[in-house]
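What you see is a predicted model, and the numbers here were worked out from it, not measured in a lab.
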2 protein chains.
Amino acid sequence: MGDQQPIVDLKSCAECPIRHKAVCARCEPHELADLERMKSYRSYRPGEAIVWAGDDMEFVASVVTGVATLSQTMEDGRTQMVGLLLPSDFIGRPGREKAKYDVTAVSDVTLCCFRKRPFEGLIASTPAVSQRLLEMALDELDAAREWMLLLGRKTAREKIASLIAIIARRSEAVKSPEARDTALEVDLPLTRETMADYLGLTLETVSRQISGLKRDGVIQLNGKRHVIIPDLDALLAETGDDSDGGFLS
Amino acid sequence: MGDQQPIVDLKSCAECPIRHKAVCARCEPHELADLERMKSYRSYRPGEAIVWAGDDMEFVASVVTGVATLSQTMEDGRTQMVGLLLPSDFIGRPGREKAKYDVTAVSDVTLCCFRKRPFEGLIASTPAVSQRLLEMALDELDAAREWMLLLGRKTAREKIASLIAIIARRSEAVKSPEARDTALEVDLPLTRETMADYLGLTLETVSRQISGLKRDGVIQLNGKRHVIIPDLDALLAETGDDSDGGFLS
DNA sequence: CTCCACCCTTGATCAGGATCAAGGTTTGTT
DNA sequence: AACAAACCTTGATCCTGATCAAGGGTGGAG
């Protein structure tokens, strides 16, 4: 593991179908063929339910385009987002019969689906796949733990700043690293309500805190969703995180 | 995966060293020998630090006895627990150089340690190991997501009830299932402060809510740490969780 | 073009949990 | 036995974020 090249990169599904082959140079041909045969694509409209908690899980999938959420709802309607699914993220747990969480499309979403049974067979027969899935699961676990710190201990303002920073980081991964001094621009893919579900707040508090960050010049707004970050460090200072955050692997 | 027998059961390390052999009937002898050679045991006293965030990780380990915590601390001292480690739980991320979280012994703790490099080699060479680790990581991810719902949306009282229920469930796993109607007894392995770190509360609020549950007859206390649950359903009703919780795999 | 649905903002008030403070209990040490 | 240190409980007060309420965009459907 570590920096060793993954042989089958499930994340590459984001650029299906070509990428599988590109990364699978070291795969056995029959494994590749299996993967290709299993694949199918599905599309969802904004707000559409992809899976309801309790549904039978026929598929596992990889997000190709768009944004989806994983969430849990209590009987009285309180809901908490427990996963934000961006392109290349994986949906579904191999070995699980019934979905445990609601999966909802936030924007237009395309999934690359694999039928569950044969995919489980692939995991069992192809060590590289389970190794890759393990790495992805551990990354998600780290993200979940950072999220737990946010939910349990951060103030509303810190939560909002953290969310903007997280989205900036994930969309910034594409851009060149030297673009650090020019102002960053980020489109929030979420409504105020969805952000509230993410952060364990109400939508009113989200709105107020965004207004507050704007008033204090930490961010600028262009429309409701387009955020301009004039000084990334100023934003990061609002998150409550270690200033040298992210160095520890 | 699913209900398929794991070949190497890392969890079995809790009953080291015999259990490895019992479960490893299908292992290649040299793999078994590798596991045995790598093992060493370490002990820690209550309150002792096992790892500090930022430390070099020389080892991965499995908890054999005792209770430890994974936690994150912000610069100003706010801390959030992000993992509760009971016997059979795994410590350390293969492939990671520096620890990302503080690991602290809560009670007397014994770890079964494996040197990191050779263990990573074992993962790469033994598919059953990465498959088992994947399953364990996915279990932890589910636990983390339930925890996120707790942190983000539950009231203080619900949080306390949930914590007691979680501890009851984990210690009850051992007992016979027909013991459901007799009163359950649980020893809280945590101080009020540690519980507060778990739940995203202050220790005063933890104390008050425990008193509240006691006043309302949901629990009885015998000393500070020994909890008697006269009616498990009454406790579960306080958690805010779905009444039929736990059915969904 | 108009209307409606959805999304967002802001204000006023409320309440749950944090904070500050004091004292009690248990455990282990000399 | 006396004491100290840790741990726990309870009270008083404060403050952050929830709740209740009203109104302002904005974009798509007819």
Separation of [X] atom [atom1] from [N] atom [atom2], in whole Å?
{"X": "Ile210(A)", "N": "dC8(C)", "atom1": "CD1", "atom2": "C1'", "result": "10 Å"}
{"X": "Asp197(B)", "N": "dG17(C)", "atom1": "CG", "atom2": "P", "result": "17 Å"}
{"X": "Leu150(A)", "N": "dG17(D)", "atom1": "CG", "atom2": "C1'", "result": "15 Å"}
{"X": "Lys159(B)", "N": "dA18(C)", "atom1": "NZ", "atom2": "C1'", "result": "12 Å"}
{"X": "Lys154(B)", "N": "dG16(C)", "atom1": "NZ", "atom2": "C1'", "result": "17 Å"}
{"X": "Met195(A)", "N": "dC7(C)", "atom1": "CE", "atom2": "P", "result": "12 Å"}
{"X": "Gln209(B)", "N": "dG11(D)", "atom1": "CD", "atom2": "P", "result": "14 Å"}
{"X": "Leu203(A)", "N": "dG17(D)", "atom1": "CG", "atom2": "P", "result": "15 Å"}

Is a donor-acceptor pair below 3.5 Å formed from side chain [X] to base [N], judging by atom type as modelled?
{"X": "Arg153(A)", "N": "dT16(D)", "result": "no"}
{"X": "Arg157(A)", "N": "dG17(D)", "result": "no"}
{"X": "Glu204(A)", "N": "dC20(D)", "result": "yes"}
{"X": "Arg225(B)", "N": "dT25(C)", "result": "no"}

Picking from dG17(D), dC8(D), dG17(C), which would you name as closest to the side chain of Arg192(B)?
dC8(D)
Can you identify which nucleotide, out of dT9(D), dC7(C), dG17(D), has its nearest atom closest to the Thr191(A) side chain?
dC7(C)
Any Ser211(B) side-chain nitrogen or oxygen under 4.0 Å from OP1 or OP2 of dT10(D)
yes
Within the pair Ser207(B) and dC8(D), is there a side-chain N or O less than 4.0 Å away from OP1 or OP2?
no
So what does Gly200(A) touch, heavy atoms closer than 4.0 Å: a base, only the sugar-phosphate, or nothing?
sugar-phosphate
How is Leu201(A) classified with respect to the nucleic acid when contacts are heavy atoms under 4.0 Å: base, sugar-phosphate, or nothing?
sugar-phosphate
Apply the side chain to side chain contact (heavy atoms under 4.5 Å, CB included) test between Lys159(B) and each candidate in Ile164(B), Leu201(B), Val206(B); give the one that qualifies.
Leu201(B)
Ile167(B) pairs by side chain to side chain contact (heavy atoms under 4.5 Å, CB included) with which of Val186(B), Leu86(B), Val67(B)?
Val186(B)
Side-chain donor/acceptor of Trp147(B) to backbone N/O of Tyr198(B), under 3.5 Å
yes
Hey, is the main chain of Thr239(B) close enough, under 3.5 Å, to the side chain of Lys154(B) for a donor-acceptor pair?
yes
Whichever of Val206(A) and Lys224(A) has its nearest DNA chain D nucleotide further upstream toward 5':
Val206(A)
Taking for Thr202(B) and for Arg208(A) the nucleotide of DNA chain C with the nearest heavy atom, the one nearer the 5' end belongs to Arg208(A)
The criterion is ring pair (Phe, Tyr, Trp, His ring centres under 6.0 Å); which residues satisfy it with Tyr101(A), sequence neighbours excluded?
none
